[in-house]
Amino acid sequence: MRPGKNPQGLLASIAIVCAFLFAGFPPAAAQPAKPAAVTRADLRPIYATAPDVAEGKRLAEVSCTRCHGTNGVSATAGIPHIAAQRSPYLYAQLRAYLQGTRPQSAMTGAVKFLSDDALVKVSAYFASLDPARPAPPPKAAASRPDPLQAGKAAAAACAGCHGDNGVSSTPGSPSLVGFDPKYFAAAMAAYKSGQRKHELMKSLVATVSDAEVSSLALFYALQKPARAGTPAAGDAKAGKAAAAACSSCHGDSGVAADPATPSLAGQDAQYLATATSQYKDGTRRDEAMKGIVAGLDDKTIRDIAAFYASQQPQPPKVRRPLSLAEWTERCDRCHGINGNSGDPVVPAIAAQRADWLEPVLHAYRTGARKSSAMGAMTSVMSDSEAKEIAAHYARQTARAVSFVVLPCN
């Protein structure tokens, strides 16, 4: 138990550490496996005594409190709270800065003259402090709208031409399923800017915001793809041979591998033929496409369109966005309920500064901060989701924890 503290005010939870066999002890079934075994040396701050904590306070006042505050509660945007943080986690991060595996000039400068023993004491001191208070709730409910539902609502205005679920039954109107959202958004921008000449589409998308375009793109990308319910005037068999020159970009069967390239499988044949002719005459500006279709006559264009229209479209590799509840359920598996970690080497994130958590999530996603587990977790996280997750944990009540060391039999 930490010395000099009132157990009733300090201990919201107690974790038991089996000191001698911890390194080989298997993780609980509900917890992800650690990337490396935790040794007794890693847990040194748990064994800190009252004099160690007092010495850690003295060292922290010299090296740490200017940024993190005298009580470990930061008053500076982008600087994390470290009061009541799990001491072995703090110790591991300080060592990482000292060893250069977490390069950051300010922190490297703060710890470069501290011995390993000093790092232990500083970690134990900050862990002994009362945690930060949670951030206040927002003045008004500002939950992230469900983009899928927003896309569905916006798509109602498109159904007359493109079908209820984006599968066209109107000759000349394209199906909107099977596209990666990146391509869909680029196409909408081209209509809005006039790069694609279509006065009706230009007027329809003129007032559509980028957020609405993203929601529409997501909605159509997640619909079950099907061939357009429209006739094809060309010869699909002849079109297959003629389409060989198109396969390097659009795939052998019209399913593109590049998110920025449209899939053509199952598309309305009349729309495909019209679009190809527009690339040929320059109405649609794309130098690569213009060169490829320059030598095609009208019959060959119709045949190629018929071939692609006959192919089975495939869904793009797009995930359904997770709700905040789904995200926090995933985060709590490692970081504890409401971000109050009971694992000495996993950080608590309850009541942490949102303006620190959000960029950290971004750093894991881009690889600027290294962790295979966090990299995988954040790889599918959007900017808006990261912002919402950070704000959620900032509002949670932080709980201090003591680790009671017991010998194993």
Side-chain angles (χ1 to χ4, degrees), residues 27 31-38 42 67-68 74 76-82 85-86 88-112 119 144 147 180-183 185-186 210 214 217-218 221 256-261 316-324 326-336 339 341 343-350 352-394:
Q31 297 291 328
K34 301 280 191 305
V38 179
D42 297 322
C67 293
H68 294 284
S74 168
T76 305
I79 303 294
H81 303 316
I82 54 175
Q85 186 54 272
R86 305 338 181 204
Y89 170 77
L90 283 177
Y91 174 51
Q93 301 314 303
L94 290 172
R95 282 190 302 169
Y97 283 123
L98 187 62
Q99 295 163 2
T101 54
R102 277 193 65 179
Q104 186 195 76
S105 57
M107 281 300 300
T108 303
V111 302
K112 67 180 179 180
L119 299 184
R144 172 171 49 94
D180 187 278
K182 292 179 181 178
Y183 171 76
D210 290 344
S214 296
L218 180 67
D258 182 357
T261 300
K317 295 179 180 179
V318 177
R319 71 171 181 89
R320 179 183 66 82
L322 298 177
S323 67
L324 177 61
E326 289 171 319
W327 270 118
T328 55
E329 188 274 333
R330 292 184 176 195
C331 299
D332 286 357
R333 293 175 194 169
C334 292
H335 293 283
S341 170
D343 187 322
V345 296
V346 175
I349 54 176
Q352 186 55 269
R353 292 190 66 105
D355 55 24
W356 181 77
L357 279 174
E358 185 181 343
V360 165
L361 290 171
H362 179 72
Y364 280 124
R365 185 175 61 187
T366 61
R369 192 165 173 176
K370 305 297 183 185
S371 167
S372 56
M374 285 300 298
M377 181 71 75
T378 58
S379 64
V380 294
M381 186 182 291
S382 68
D383 289 340
S384 61
E385 288 170 329
K387 187 178 186 69
E388 187 178 36
I389 292 164
H392 166 80
Y393 282 109

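Annotation for Ala354 and Pro359: closest pair O-CD, 4.2 Å, computed over non-hydrogen atoms. The minimum heavy-atom distance linking Pro344 with Pro88 is given by the pair O-CB, 3.4 Å. Considering all non-hydrogen atoms of both residues, Val345 and Tyr89 come closest at O-CD1, 3.7 Å. Nearest heavy-atom pair across Ser341 and Cys334 is OG-O, 4.2 Å. Residues Glu358 and Ala390 approach most closely at N-CB, 3.7 Å, considering heavy atoms. Taking both residues in full, the closest heavy atoms of Ser371 and Tyr364 are given as CB-CE2, 3.6 Å, listed atom of the first, atom of the second, then distance.
Note that SG of Cys331 and NE2 of His392 are 8.0 Å apart. Values are rounded to the nearest 0.5 Å. Distance check, rounded to the nearest 0.5 Å: NE2 of His81 to OG1 of Thr76 gives 10.0 Å. Here the CD1-NE2 distance, from Ile79 to His68, works out to 6.0 Å after rounding to the nearest 0.5 Å. Note that the CH2 atom of Trp356 and the OG atom of Ser74 stand 11.0 Å from one another [nearest 0.5 Å]. Taken from CG in Leu218 to CZ in Arg320, the straight-line distance is 10.0 Å, to the nearest 0.5 Å. Distance check, rounded to the nearest 0.5 Å: CG of Leu94 to CE of Met107 gives 5.0 Å.
Counting heavy atoms from C-beta outward, Met381 and Trp327 have side chains that approach closer than 4.5 Å. Put simply, the side chain of Glu329 does not reach to within 4.5 Å of the side chain of Leu322, judged on heavy atoms. Side-chain contact check for Met374 versus Leu361: some heavy-atom pair is nearer than 4.5 Å. Residues Ser382 and Lys387 are not in side-chain contact: their nearest non-hydrogen atoms beyond the backbone lie 4.5 Å or more apart.
For Ala363, the side chain to side chain contact (heavy atoms under 4.5 Å, CB included) criterion is met by Ala368, Arg369, not counting sequence neighbours. Applying the side chain to side chain contact (heavy atoms under 4.5 Å, CB included) criterion to Ala256, with sequence neighbours excluded, gives Thr261, Ser263. By the side chain to side chain contact (heavy atoms under 4.5 Å, CB included) test, Ala106 pairs with Gln104, sequence neighbours left out.
A salt bridge between Arg319 and Glu385 is present, with a side-chain N of the basic residue lying under 4.0 Å from a carboxylate O of the acidic one. Note on Asp355 versus Arg353: salt bridge recorded, some NZ/NE/NH1/NH2 to OD/OE distance being below 4.0 Å. Taking the charged nitrogens against the carboxylate oxygens, Glu326 and Arg330 have no contact shorter than 4.0 Å, which rules out a salt bridge.
The main-chain N or O of Val346 is never found under 3.5 Å from a side-chain atom of His335 such that the two would form a donor-acceptor pair. For the pair Arg102 (side chain) and Gln93 (backbone), a donor-acceptor distance under 3.5 Å is absent.
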| What do the steps show when you test Arg365 against Asp383 for side-chain contact (heavy atoms from CB on, under 4.5 Å), and what is the final call? | CA-CA 10 Å; Arg365 185 175 61 187; Asp383 289 340; 2.3 Å; yes
